[in-house]
Structures are given as C-alpha cells and as structure tokens.
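Below: the structure, in structure tokens.
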Number of protein chains: 2
Amino acid sequence: MVDVETARGLRKTLHDRGMRMTPQRQLVLDAVRSLEHATPEQICQRVQETAPTVNITTIYRTLDLLDRLGLVRHTHLGHGAPSYSVEDHRHVHLVCHVCGSIQEIPCELLDPLVGTLRERDGFELDASHLALSGTCRDCLKQEQEIE
Amino acid sequence: MVDVETARGLRKTLHDRGMRMTPQRQLVLDAVRSLEHATPEQICQRVQETAPTVNITTIYRTLDLLDRLGLVRHTHLGHGAPSYSVEDHRHVHLVCHVCGSIQEIPCELLDPLVGTLRERDGFELDASHLALSGTCRDCLKQEQEIE
DNA sequence: ATACATGCAAATGCTTTGCTGGGCT
DNA sequence: AGCCCAGCAAAGCATTTGCATGTAT
C-alpha cells in the first residue's frame, strides 16, 4: 500500500533540503505505515519482503531521517527497541512500570496539556505517540493487598 | 548521605517479600538519591567510590528491584541509557525529538491529566519523571524558515 | 538446609560508524 | 566533479544470563 500523498510530500521535503527520494526510503515509510508500532527489526523484515537486499543500517538511517522530518515517530514502550509509527496514527500509551502492561487511550485527553505547553514554553507537544508511565489498576490492587 | 527513613522502609518492604537488605542495595539507593538523573553507569561509579568491588550487574539488578518497588523511577530521555531518580524528585522533561534538547517543567502542570486518568482508567500516572516528546521552540522556528 | 544475593565472564541485543562503491545533478 | 546514498563489516554501548560462590535465616 503506497500512500501517494505522503510519497509526494516526502519527495518535496527531501528535495527542499538537498536530499533525494529513493526506493528504500519509500519502502521504509510504507512499512511503518502498514505495520504500526513496529521495531526497526520488524520494519526491516517487511521491507525485505519486497527488496531483500536492503540492509538494516539503511532502516536505521531512514527511520532517523523520517523522524527528524516529522513523518514518523518513535516511542519507548517497555524496555527493548523503540516502536515506530506514522505521525497520524494518534493515541497515547499508558505503560505500567510494575507489570509492563500497555493500554491505549485517545490522545484528545492531552489537549489541555498541549495548549498549556504551547503557551508556557513554546513547546509543541507531540501527543500522538506518548508513553505515560505509572501504575495500572491491577498492580495498584496488588500493592494494597501486600500492605 | 543515608536517608534513614527510606532505609528502614526499604528493609521492611524487602522483608515482607522474602528479600534481604544488603549493603549493596543501600548504596545504590543512596547513590540514586544524591545523584539525580544518573545512568546505571554513573550510579555504579558512585557506589564504587565506597565499595569498589560492587559489580555493574548488581547495579542493574538493584535498580530494577527498586524500580518495581516504586522507590526509584527511570526515564528514557534522549536515545542512550535511561536516567534514574528517586521517586520524590518531581518534574517533567520536555524532550525535543529534532535536536534532542531537554528542558524541565514543574509537574503540577500535569495534575489535571493525573486526575483524568485516575477516574477514567484507574491508572495512577507517575508524573514525577515523565519525558514528553515534541518540538522545541528553536526547532519550530527553523522548520518555518525552511518552508 | 534452603533460599536469596553477588561477582564474574560471556552472551545478547540494539544501534552506530567507517569505509567503499554506485548514482544523481 | 561533487554530493548524496546504500551496503557491508566491524565496533560500540547497554543490558542480561549462566553459573559458582557466598551469606543470611
């Protein structure tokens, strides 16, 4: 599934900065789009289904590039590798630091905070792939039982 | 600087779970307390000033333990190693995903969100060591200049 | 005696770097 | 020509695991 709009946008953005659109970059972006929350490793596998010779180094370099351009975002959910998604897949994760469980909530809940930070600090919070750490309902219950 | 209160509390908590209080654990907790935002590596160095034979493996295992007990928290600021602090050192980080810069803001700004999540999801958000990702003022300006 | 803790070395996982050659502009 | 880009191999850093030893209950 190739998103023509994004592809054009990317091509232009790259060109404006003296960079080039390449098949590899297209494939990485497509992979991130279709996978949602994929690690670099998983993205590499997907890309290699189409172009088996693409190296994981290229995946890393491209993800880094796309991230800086704002086309994809990465989030550190649990411990291991970060998780990449396209910018318009919007939601917030609640990560429990006790059991590691993850639940998603709508990112509209952060709208007030986004406004506050924009005014206060000139900081444009990216609420689309946030990982919020805390204690989930179940672990809270367990803690109380031990006390 | 040994915090006697925390030390006693830790001893009891550990004992309740069939674990033991050891010099190593005490030293790690003290190091995290005094350093604020230290990587496991830095914590290890501090601990080794007192007890040179303590292995970094023990640092990792102890940090993991203290984290699960809620006595310390770790945050993934930029890319590298996570940063550990004691639970009561409260503030929120704004991490710019473009340039990597980090600024701190008071965590009271998150109080409304904490309340929302508590009611909505039974999730106890730990606002004390949050890393919020977005674009900082300077990088926003640069983006606009390119367009 | 048993279960928990630590040290050490090796393994693992994830990511970056240096270098080379190929392709655009 | 000069710059951008991808592939490959190697290095790098952070963290985990296995195992033997030590220590408290």
Side-chain angles (χ1 to χ4, degrees), chain A residues 7 10-32 37-48 50-69 72 74-84 97 100, chain B residues 7 10-29 31-32 37-48 50-69 71-72 74-84 97 100:
Chain A
L10 176 55
R11 176 180 295 276
K12 180 176 185 322
T13 307
L14 290 174
H15 185 262
D16 289 350
R17 302 179 187 228
M19 300 170 179
R20 280 177 228 136
M21 182 57 152
T22 65
Q24 287 90 336
R25 287 174 176 171
Q26 180 68 64
L27 286 168
V28 170
L29 183 54
D30 291 346
V32 176
H37 298 305
T39 61
E41 191 74 37
Q42 293 170 318
I43 292 164
C44 187
Q45 283 178 20
R46 169 63 61 98
V47 168
Q48 289 181 341
T50 307
T53 67
V54 172
N55 194 276
I56 185 123
T57 302
T58 302
I59 307 292
Y60 278 106
R61 287 196 274 233
T62 305
L63 286 174
D64 188 53
L65 174 69
L66 295 177
D67 202 334
R68 275 179 291 122
L69 294 179
V72 308
H74 75 273
T75 310
H76 294 276
L77 305 173
H79 278 194
S83 176
Y84 284 82
H97 65 87
Chain B
L10 175 54
R11 177 180 294 280
K12 181 177 183 320
T13 307
L14 290 173
H15 186 263
D16 289 351
R17 302 177 187 229
M19 300 168 179
R20 279 177 230 139
M21 183 56 154
T22 65
Q24 287 90 336
R25 286 173 178 174
Q26 180 68 63
L27 287 168
V28 170
L29 183 54
V32 176
H37 299 305
T39 61
E41 192 74 36
Q42 295 169 317
I43 292 164
C44 188
Q45 282 179 19
R46 170 63 61 97
V47 168
Q48 289 180 342
T50 307
T53 67
V54 172
N55 194 275
I56 185 123
T57 304
T58 303
I59 306 291
Y60 277 108
R61 286 196 274 234
T62 304
L63 285 174
D64 186 56
L65 174 69
L66 295 177
D67 203 335
R68 275 180 290 122
L69 294 179
L71 288 168
V72 308
H74 74 273
T75 310
H76 294 276
L77 306 173
H79 279 191
S83 175
Y84 284 82
H97 66 86

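Atom CD in A:Gln26 sits roughly 16 Å away from atom C1' in D:dA6 (whole-Å rounding). Look at CG on B:Leu63: it is 12 Å from P on C:dT6, rounded to the nearest Å. A:Asp16 places its CG atom 15 Å from the P atom of D:dC4, with the value rounded to the nearest Å. The NE2 atom of A:His15 sits 13 Å away from the C1' atom of D:dC3 (whole-angstrom rounding). Following rounding to the nearest Å, B:Gln48 (CD) and C:dT6 (C1') show an atom-to-atom distance of 13 Å. Distance A:Arg25 CZ to D:dG7 P: 11 Å, rounded to the nearest Å. Straight-line distance from the CE atom of B:Met19 to the P atom of C:dT2: 21 Å, rounded to whole Å. Following rounding to the nearest Å, B:Gln42 (CD) and D:dC13 (P) show an atom-to-atom distance of 15 Å.
Between A:Tyr84 and A:His74, the ring-plane angle classifies as tilted under the 30° and 60° cut-offs.
Distance from the side chain of B:Thr57 is smallest to D:dT17 among D:dT17, C:dT17, C:dT6. Of all nucleotides listed (C:dA5, C:dT17, C:dG7), C:dT17 comes nearest to the side chain of A:Arg61. The listed nucleotides are C:dT15, C:dT6, C:dC4; the one nearest the side chain of A:Ala81 is C:dT15. Of the candidate nucleotides D:dC4, C:dC8, D:dT15, D:dC4 has the atom lying nearest to any side-chain atom of A:Arg20. For A:Tyr60, the side-chain atoms get nearest to C:dT15 when compared with the rest of C:dT15, C:dT6, D:dT16.
Residues B:Val32 and B:Leu63 meet the side-chain proximity criterion, which asks for heavy atoms closer than 4.5 Å. Two residues are said to be in side-chain contact when any heavy atoms from C-beta on lie closer than 4.5 Å; A:Val28 and A:Thr58 fail this criterion.
When heavy atoms are screened at a 4.0 angstrom cut-off, B:Gly18 is found touching the sugar-phosphate backbone but no base atom. In this structure, A:Glu41 reaches neither bases nor backbone, as no heavy-atom distance under 4.0 Å exists between it and the strands shown. Within the 4.0 angstrom heavy-atom criterion, no nucleotide atom of any strand lies near B:Thr39. Residue contacts for A:Pro82: at a heavy-atom cut-off of 4.0 Å it reaches the sugar-phosphate backbone alone, with no base atom in range.
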Q.
Go through it in stages, so that I can follow the logic: the residues are B:Leu65 and B:Arg25, the test is side chain to side chain contact (heavy atoms under 4.5 Å, CB included), and I'd like the CA-CA distance, side-chain angles, deciding distance and then a yes or no.
A. CA-CA 9 Å; B:Leu65 174 69; B:Arg25 286 173 178 174; 3.5 Å; yes
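Taken from SG in A:Cys44 to CG in A:Leu27, the straight-line distance is 11.0 Å, to the nearest 0.5 Å.
Side-chain N/O atoms of A:Thr22 include one lying less than 4.0 angstrom from OP1 or OP2 on D:dA6.
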